[in-house]
Every structure is written in structure tokens, then in C-alpha cells.
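We use all heavy atoms of the structure for the numbers below, so side chains are in, but hydrogens, waters and symmetry mates are not. Treat the numbers as computed from the prediction; the structure is a model and nothing was measured.
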Amino acid sequence: MTLRIYNSRTREKQDFTPLDPGQVRMYVCGPTVYDYAHIGNARPVVVFDVLARLLRLEFGAKHVTYVRNITDVDDKINARARAEGVPISEITARTTAQFHADMAALNALPPDIEPRATAHIAQMIAMIETLIARGHAYAADGHVLFHVPSMPEYGRLSGRDPKEMLAGARVEVAPYKRDEMDFVLWKPSDAATPGWDSPWGYGRPGWHIECSAMSFAHLGASFDIHGGGIDLIFPHHENEVAQSTCANGAGTFARYWMHNGYLMVDGRKMSKSEGNFRTVHELLAKAPGEALRLQMLTTHYRQPFDWTQTGTQEAKTVLDAWYRLVDGVKAEAADIAAGVRAALEDDLNTPLAIAEMHRLAHAANQGAPGAAKALRASGEILLGLFALTAEQWFHWRPPGQKLDETEIQEQIDLRIAARKARNFAEADRIRDALASRGIQLEDGPGGTTWKAVS
RNA sequence: GGUGACGUGGCGGAAUGGUUACGCAGCGGAUUGCAAAUCCGUCUAUCCCGGUUCGAUUCCGGGCGUCACCUCCA
């Protein structure tokens, strides 16, 4: 029952002891809502969903507060709105709904609180005023900038030396900056760009301040875990640390930093120019969400993940086997396998947890008492699997490709009759005909069932 | 140029100073009318070179290789 997590800040695995065991607090950077979530957006959602599930088991569901924000103010959103000729609210509302649907398909539970940036502009302005008052920020030319040299510790989280970074950096230095490293807290908006009134004129927040303001608003100055993708460690998280600790006091803010590794596709960085960009939405058209989720968990969260079609197929095959065992099995938290739990308690070692699941499945197939229950409880409660019935799982088809289940059953009945008459030629003909349509039959002790294969 | 991660069997992917990870795929067998599913069995591995050690895949050094980041991409 000792949870250990790797803390990016100290670069070592540590025992997890919450500030307040009665209220464990976690903040994870959520999406900027301007387009469909891609598979890289989904990784932190799934990873920290497993962590949230584990924390709820360890400390009790009511004693965990999981916050994941929606960033609904951003220049990419503005650009998209301009391109489509619609208000940004239309872009953000639509994209947020898509995000929720996609993450739900991956069995990721909603966070306890999902704050939106546009609902926290006042808090951002207040924090910026504090930073100015404390000498960590200054207004210049309609902008407000965080003055990096005012914080000697800057760069500690990401392990970067600001001076060395400048050597090879391709930074265009705006004339109003006192130091090349200074970053924007607030910037002016013209009439055509969304903005809010502020002490520095009509404008909008810079990129990093929203997470500082929202974590403070919902979790307080200090909280336990801050998560996100490793690509965010610099500059986003570094700047969050700068903003929050300079505004709220040294020693505040996140105590454990967790970063998931990069996501690649077919061995390469995923990018639109590479042509290997994958949205969750389009992947869900090819495989059930649970297969994508299990695939995502086969690699430890801190390792780079290579997304492949083969990997999806493998995850599907594994779930085929598990679904055969857990269907109709009732299980509760007490049934969770110690091995699965222990694996997750060791810095969220999901590959090891999955190996334990395989052992349980094997034991269940051999008839070991309790194994199927343990498999279901571990998968359902901790890993976030088995949300479907076995029938739903095996009959899954891509959206829009409905099968005529009644007709399939009729064929199966005809085949059963043929088999009874020992007319195996006819029985095999029916089976082959169904197989050619992607319907695979299985004659089990309880009768004939079928599954859709691709 | 700076920083970081990583190199395990056909593939995916853990762990570990000394004893088969696990899965997918393959192969042999059982079962089945034949299949499917399941069971039993089985093949293949720790990038290279040094060092420490009784012993290294694991620790240290060097090399080679891959990937990523260095201001708005999770």
C-alpha cells in the first residue's frame, strides 16, 4: 500500500505522501480546444486516469481531487475561428464536446473538476498584478512580461540553465523585453481578436498563466501531483512554476511532477507534415476504444510510445481472451489482484500490471477459484477495462458498419440444423460464407457464438 | 552547439549483481466432425569494447546507433 512515483523534479522514485491524506490533489494539463484530440493528447489522459483510479482506491474516492483544465483561449483557437468565420465559442464548444466523447470512448473517467481558462480571466489578472507588485513582472508596450532573471531558481524543473539555452536558441527577441528569456503573461488584442479589459488595456492572457491561476483557484497554492506530457516540461511547466511560486511564495506549488513520454507513430514523431498524424476520432473508427486504451498501457508511461496498427491488433486479441473470462462476473474492489495493484503502486508500471492480468487469465482458464473475479476487478476498477458486455465487445463494428445480427443468427441456426443432420459440407459452407463477411463462429459448450473480425 | 531519453528474442515489452518475465506471432501435441476457443509442450535476446566483481543484461568508463527537446506541440 505504498505508492511510489517518479518525480521529474528530483529525478528519482519517491514514496508518495500527500500534503493532506484527507484530500489528495492532482492537476493535469488538459487540451487546448481547437481541433480533434490526437493520440498524443490521449496518452496523458489515459495515464493519469489510471493514476486517479489508483489514488481513489488508496485514499478513497471522496479524498481525491483530480483537476484537468480546458484551455479555451489561445491564438490557435483564434486562427481557427477566423479561418472558419465563426466565433471562438463555437470552435471551443464543438472541440470540447469531441474531446469529451473521445476520452469517454477510451474509458477515461471525467476529472473531478474541469476548469475552463475563459472562466478564470479575473484570477489570471489578479495573479499578474501580484507578480508585478512583487517585482517579478512588468508592463511594457501593452504587454505584461514575467522577468526571468528575477527568479534565480528558473530552469530547475526542466534542468536547464537559462544562460546556456540562449546559445543555440532561435529566439526572436521582442524589443519590449528586458531580458531575452522573459515570457508573456498578458498581451494586447485588437478589435478583431478576443480579449478582456485589464489594468493594461484590452487583451488576453499568455499561454502559461491559465494553469497557474486555475490550479491555485481549485487546489490552492500547494498541491500534490502535477502531470502532463514531457514536452510541456519546458517552457510550459517551468513557467508555471515561476509564476506560481513567485506569486504564492517559495516552496509552494506542485510537490510531485509526473511527465509521460512522447508518442511516436511507426517509429517517427507524429506530425502533420510527416503524414502520420492520428486523431483519436479516426482511430476509434477502426478499433474499439478499449483496445486503444490497453495498447496505450502496454508501454510504461515514461517511455516513448510507438503507435502502430499491429499494436492495436495485439491489444484487441488480448481483450478477446479476457472478455471471454470476465463476462457476467461480478467483482468489487476487494477482489483486485494484489499483483496488479502492486505493479501500479510502483510508479504506475502498467506493463507489469498487464503481465499480472495475463497470469490471472491463464489461472481463470484453468479454473482457479477467484481468478476471473480478480481479473475483472483489476481491469474494471484500476485499468479501466471491461466497460462492455462480451457480446458488445465481440460484435463491435466500426461506426456506421452495422451488422444484421438477426440474419447472422438465422444462418447460425441453419448451420446447427445441418450439423445435427451430420451434413458437415453444408455446415462448413455456411461457416465459410459468414467468415468471408468477417463473421467468425465458435462452437462452445454453451452453443455457437460469433465474433466480428476485421 | 546545449540538454535529455533510449538501445532486451521475429515483433511488442518488463525486471534484475547470479535462478524461464509476460504477451503477440511461429512450431509440435491434446481437444474438436473440421474449425474456433482453451490446455500441455516448445524455439529465438539483453548494441560493441574495456573496467569493477567470484559473477554484469543490470554498476562505471568509452564507442556506435536511434529518438526527442531547446518559447506557445500532450
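- Qualifying ring pair (Phe, Tyr, Trp, His ring centres under 6.0 Å) partners for Phe424(A), counting only residues two or more places apart in sequence or in other chains: none.
- A donor-acceptor contact under 3.5 angstrom links the side chains of His120(A) and His218(A), judged on distance only.
- U3(B): Watson-Crick or G-U partner is A68(B), with both key distances under 3.5 Å.
- Pairing of A45(B), defined by two Watson-Crick or G-U wobble distances under 3.5 Å, is not identified with any nucleotide.
- Taking 4.5 Å as the limit, every side-chain heavy atom of Gln123(A) sits out of range of all side-chain heavy atoms of Met214(A).
- Taking atom CD on Glu240(A) and atom P on C72(B), their separation rounds to 16 Å, with Å as the unit.
- With a cut-off of 3.5 Å on both pairing distances, U53(B) has no Watson-Crick or G-U wobble partner at all.
- Applying the 4.0 Å criterion to OP1 and OP2 of A15(B), one finds that Asn349(A) has a side-chain N or O inside that range.
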Contact state string [nucleotides 27-35 of chain B, B base, S sugar-phosphate only, - no protein heavy atom under 4.0 Å]: ------BBB
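- His300(A) has its NE2 atom 21 Å from the P atom of G23(B), to the nearest Å.
- No hydrogens or angles considered: a donor-acceptor pair under 3.5 Å links the side chains of Gln295(A) and Thr312(A).
- Ring centroid separation for the pair Phe305(A) and Tyr262(A) does not come in under the 6.0 Å cut-off.
- The nucleotide U38(B) finds its pairing partner in A30(B), both defining distances of the Watson-Crick or G-U wobble pair being shorter than 3.5 Å.
- Note on Gln313(A): every side-chain N or O is 4.0 Å or more away from OP1 and OP2 of A25(B).
- Only one option out of Val340(A), Ile5(A), Leu54(A) pairs with Glu345(A) in a side chain to side chain contact (heavy atoms under 4.5 Å, CB included); it is Leu54(A).
- Proximity of Thr310(A) to the phosphate of C11(B): no side-chain N or O atom is located under 4.0 Å from OP1 or OP2.
- If you measure from atom CZ of Phe234(A) to atom P of A5(B), you get 17 Å, rounded to the nearest angstrom.
- Contact check, Lys187(A) against C72(B): no side-chain N or O comes under 4.0 Å of OP1 or OP2.
- When both pairing distances are held under 3.5 Å, G12(B) makes a Watson-Crick or G-U pair with C22(B).
- Between C39(B) and His362(A), a contact under 4.0 Å exists linking OP1 or OP2 to a side-chain N or O.
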Residue pair Tyr27(A), His226(A): steps toward the side chain to side chain donor-acceptor pair (under 3.5 Å) verdict: CA-CA 5 Å; Tyr27(A) 185 93; His226(A) 191 127; over 6 Å; no
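- Glu356(A) comes within contact range of no nucleotide atom at all, as no heavy-atom separation falls under 4.0 Å.
- Comparing A74(B), U38(B), G23(B) against the side chain of Asp231(A) picks out A74(B) as the nearest.
- Residue Met296(A) contributes atom CE, which lies 18 Å from atom P of G12(B) at whole-angstrom precision.
- Proximity of Asn260(A) to the phosphate of A74(B): no side-chain N or O atom is located under 4.0 Å from OP1 or OP2.
- In this structure, His358(A) atom NE2 and G13(B) atom C1' are separated by 10 Å, rounded to whole Å.
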